[in-house]
Amino acid sequence: MSIKRIKDYVNQEITVQGWLYNKRSSGKIVFLIVRDGSGLVQGVLVKSEAGEALFALANSATQESSVRIRGKVQENPKAPGGYEMLIGDLEIIGRAEPYPLTHKEHGVDFLMEHRHLWIRTPRQNIILRIRSEIEKALRDFFHERDFILADAPIITPAACEGTTTLFELDYHGERGFLSQSGQLYSEANAMAFGKTYCFGPTFRAEKSKTRRHLMEFWMLEAEMAFHDMEDSLQIQEEMICYVVRRILEKHRADLEHIGRDVSKLEGIKPPFPRISYSDAVRMIQESGEDFPWGEDFGAPHETLLSGKFAAPVFVHRYPAAIKAFYMKPDPADARVVLGADLLAPEGYGEIIGGGQRIDDPDLLEQRIREHRLPEEAFAWYLDLRRYGTVPHAGFGLGLERMVAWLCGLEHIRETIPFPRMLHKIYP
RNA sequence: UCCUCGAUAGCUCAAUGGUAGAGCACCCGGCUGUUAACCGGGUGGUUGUAGGUUCGAGUCCUACUCGAGGAGCCA
């Protein structure tokens, strides 16, 4: 019996299995607040009705002990959630030792050290349940549109884009790296399946230490043959709206419970505003900053730009020099590429990066040389252009940033059960 | 890697350079509708580490360790 469905069982006898979240007692009545991962329910036990032995047992239960309670469900406005159980029987399955996490405030350091217990608390529990639904919505979105899930390898032989720092490992005597992106493999998959996506963990070894970074994060990467940048932007737009709609539909009360202003999400509708990199530079300059064309935006710039719009905003056609080697140049202006980032509102920054890929084999080869990438490692990638090249485009969505935005979180560490952060690998 | 700030009881925090305290947790007792329940009592400390200044250091100085916030890089 899941606590979430308790309202369907009024006046019926049910059994709930869970953990003792909290207990309040007086001499002749005791309240046991039990959680089971789906919600909380208050169990009531009156001494005169339950008898000495059962009453003493209930009084002795410690916080987070695992319990099984049986009793009749009844409506009661005084109970949290509006329903409670009159306990007829109680079994303590595993008595908990003194529990480190009290119902008072704790510091971040302490909570992170006890992340394995912190995820039991209501707020963390809600966030991670929303994450679960976001992942499911994303998968539903792509499967409804006939995308094939084709996962990319996590252990790779070379840097994907050649720029960022990777985690290196010994692959039976060869050098291996933890993947920083599945994109190149997704391109191969797109040539095999047409429309594909992959969804898995991604690793960055940079010593980033901000509220927006993790060493290990989950990225959904879609790649579509016979699609250009415009097609890709439309799919991104639809995808974001699909997920927002789903979360509002299934988790509105949860969002409100964790203090999210849902009106900010209700306004998320297509089409999203689109500005070019050059427009964005102009907007930054108009704000009074001396920002040269050709430089990449920093976090404060992204916040400034996204702050001008209520919906997520696409920034497209970045200078080729600050983007990855595989980005296709804009035929109308060779200085820029057909790539776009999606900036989430409210200062949440970049949640998607994507664009159209180079489909010409000679240009791609030239770019690989210009970027001084190991040519042998990219031989297979060039093959994709040699054997039936097509215009294609794709994008990568950072799951944790999406969760942070939808839930309105200050810090990305709360968006994943066990965040891997700089110098933090326990628990 | 850089900048700023911090580290005192299991937790959250106090303590003019002069005897280390409170609330919560835990243990004991009380209370028939609690809402982070409440009331009374109790247990609990090498003040992050190492050194220095001083009659005397939680407090001042130096180094280190760990952490937080931000920057850069990125999703």
Side-chain angles (χ1 to χ4, degrees), chain A residues 21-33 40 42-50 55 59-60 62-64 74 76-82 84 86 96-114 117-118 121-122 160-161 163-166 179-183 199 201-221 295-303 322-324 341-344 348-354 395-405 410-413 415-416 421-424 426:
Chain A
Y21 175 68
N22 202 2
K23 177 184 72 182
R24 301 182 195 96
S25 71
S26 70
K28 304 213 166 74
I29 187 168
V30 57
F31 300 92
L32 301 179
I33 291 93
L40 292 172
Q42 169 171 283
V44 189
L45 222 137
V46 178
K47 191 177 191 176
S48 57
E49 294 166 22
F55 188 79
N59 244 324
S60 76
T62 52
Q63 186 186 353
E64 287 300 319
Q74 57 183 32
N76 189 327
K78 277 185 272 188
E84 65 181 14
L86 266 179
E97 294 176 23
Y99 193 63
L101 270 57
T102 68
H103 293 115
K104 293 274 182 176
E105 282 173 23
H106 294 289
V108 178
D109 189 19
F110 180 78
L111 289 170
M112 286 305 300
E113 231 9 61
H114 294 83
L117 304 177
W118 191 21
T121 61
C160 181
E161 298 175 15
T163 48
T164 49
T165 321
L166 305 184
S179 173
Q180 62 155 332
S181 164
Q183 186 203 307
F199 196 3
T202 312
F203 307 86
R204 303 284 164 89
E206 269 124 6
K207 298 194 190 264
S208 300
K209 187 173 156 47
T210 81
R211 65 178 73 181
R212 296 183 308 280
H213 288 88
L214 294 170
M215 302 288 106
E216 174 185 304
F217 64 96
W218 284 65
M219 186 153 68
L220 185 148
E221 292 175 283
E295 214 161 274
D296 207 356
F297 302 133
H301 302 123
E302 287 185 354
T303 305
I322 56 170
K323 285 291 174 185
D341 290 349
L342 184 66
L343 307 183
Y348 280 96
E350 184 184 346
I351 54 171
I352 295 179
F395 60 89
L397 166 79
L399 176 67
E400 285 76 14
R401 287 189 182 174
M402 177 93 177
V403 176
W405 166 46
E410 281 290 307
H411 203 296
I412 202 165
R413 64 185 158 219
T415 64
I416 183 167
M421 299 189 299
L422 190 59
H423 303 133
K424 255 192 197 275
Y426 177 92

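Convention: sequence-line order gives letters A, B, ...; per-chain numbering from 1. The basis for the numbers below is simple: all heavy atoms, side chains too, and nothing from hydrogens, waters or symmetry mates.
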Handout entry: Position toward the 5' end of RNA chain B (nearest nucleotide), A:His114 or A:Glu302
Key = A:His114
Practice task
Would you state whether a donor and an acceptor, one from the side chain of A:Arg401 and one from the base of B:rC74, lie under 3.5 Å apart?
Solution key: yes
Completion exercise
Taking B:rA68, B:rU12, B:rU32 as options, the one with an atom nearest any side-chain atom of A:Val46 is B:rU32
Practice task
Indicate, with a heavy-atom threshold strictly under 4.0 Å, whether A:Pro80 touches base, sugar-phosphate, or nothing.
Solution key: base
Exercise for the section: Look only at the side chain of A:Gln63 and the backbone of A:Leu101, and say whether a donor-acceptor pair between them is shorter than 3.5 Å. Expected result: yes
Fill in the blank from the handout: With the side chain defined as heavy atoms from C-beta on, A:Lys78 is closest, among B:rU34, B:rC31, B:rG10, to B:rU34
Problem - A:Arg401 (side chain) donor-acceptor with A:Glu350 (main chain) under 3.5 angstrom - result: yes
Practice task
Check every strand shown and say whether A:Asn76 touches a base, only sugar-phosphate, or nothing at a heavy-atom separation below 4.0 Å.
Solution key: base
Exercise for the section: Scan A:Thr202 against the nucleic acid and name what it touches under 4.0 Å (heavy atoms): base, sugar-phosphate only, or nothing. Expected result: nothing
Problem - Closest to the A:Val108 side chain, choosing from B:rG72, B:rA68, B:rG10 - result: B:rA68
Handout entry: Any-strand Watson-Crick or G-U partner of B:rU47, both distances under 3.5 Å
Key = none
Problem - Presence of A:His213 side-chain N/O under 4.0 Å of B:rA71 phosphate oxygens OP1/OP2 - result: no
Completion exercise
Ranking B:rG33, B:rU1, B:rC24 by distance to the side chain of A:Ile29, first place goes to B:rG33
Exercise for the section: May I ask you to evaluate whether A:Arg212 reaches the phosphate of B:rA71, defined as a side-chain N or O under 4.0 Å from OP1 or OP2? Expected result: yes
Exercise for the section: Could you check whether A:Lys424 gets within reach of a base, just the sugar-phosphate, or nothing at all, counting any heavy atom under 4.0 Å? Expected result: sugar-phosphate
Practice task
Report yes if at least one side-chain N or O of A:Lys209 is closer than 4.0 Å to OP1 or OP2 of B:rA68; otherwise report no.
Solution key: yes
Practice task
Mark this stacking check for A:Phe217 against B:rA75 as yes or no, applying ring centres under 5.5 Å and ring planes under 30°.
Solution key: yes
Practice task
Looking at every strand, decide which applies to A:Gly349 at a 4.0 Å heavy-atom threshold: base, sugar-phosphate, or nothing.
Solution key: nothing
Practice task
Determine the contact category for A:Gln63: base if any of its heavy atoms lies under 4.0 Å from a base atom, sugar-phosphate if only primed atoms, P, OP1 or OP2 are that close, otherwise nothing.
Solution key: nothing
Exercise for the section: Looking at every strand, decide which applies to A:Ile352 at a 4.0 Å heavy-atom threshold: base, sugar-phosphate, or nothing. Expected result: sugar-phosphate
Exercise for the section: Answer yes or no: is there a donor N or O on one side and an acceptor on the other, between the side chain of A:Gln42 and the main chain of A:Glu84, under 3.5 Å? Expected result: no
Exercise for the section: Would you mind telling me which of B:rA75, B:rG67, B:rC74 lies closest to the side-chain atoms of A:Asp109? Expected result: B:rG67
Practice task
Looking at every strand, decide which applies to A:His411 at a 4.0 Å heavy-atom threshold: base, sugar-phosphate, or nothing.
Solution key: sugar-phosphate
Practice task
Assign each of A:Glu84 and A:Gly396 to its nearest nucleotide of RNA chain B by heavy atoms, then name whichever residue's nucleotide is nearer the 5' end.
Solution key: A:Glu84
Handout entry: Pairing partner of B:rA15 (Watson-Crick or G-U wobble, both distances under 3.5 Å)
Key = none
Practice task
Kindly say if A:Lys28 contacts the phosphate of B:rU32, meaning a side-chain N or O under 4.0 Å from OP1 or OP2.
Solution key: yes
Exercise for the section: Could you tell me which nucleotide pairs with B:rC26 by Watson-Crick or G-U wobble geometry, both distances under 3.5 Å, or answer none if nothing does? Expected result: B:rG42
Practice task
Look at the side chain of A:Glu206 and decide which nucleotide, out of B:rC73, B:rC24, B:rG69, has an atom nearest to it.
Solution key: B:rC73
Exercise for the section: Tell whether A:Ser208 reaches the base of B:rC74 with its side chain through a donor-acceptor pair below 3.5 angstrom. Expected result: no
Completion exercise
Answer for the Watson-Crick or wobble partner of B:rC2, both distances under 3.5 Å, is B:rG70
Handout entry: Base-pairing assignment for B:rA9 (Watson-Crick or G-U wobble, both under 3.5 Å)
Key = none
Practice task
Using distance alone, with no hydrogens and no angle criterion, decide if A:His106 and A:Thr102 have a side-chain donor and acceptor under 3.5 Å apart.
Solution key: yes
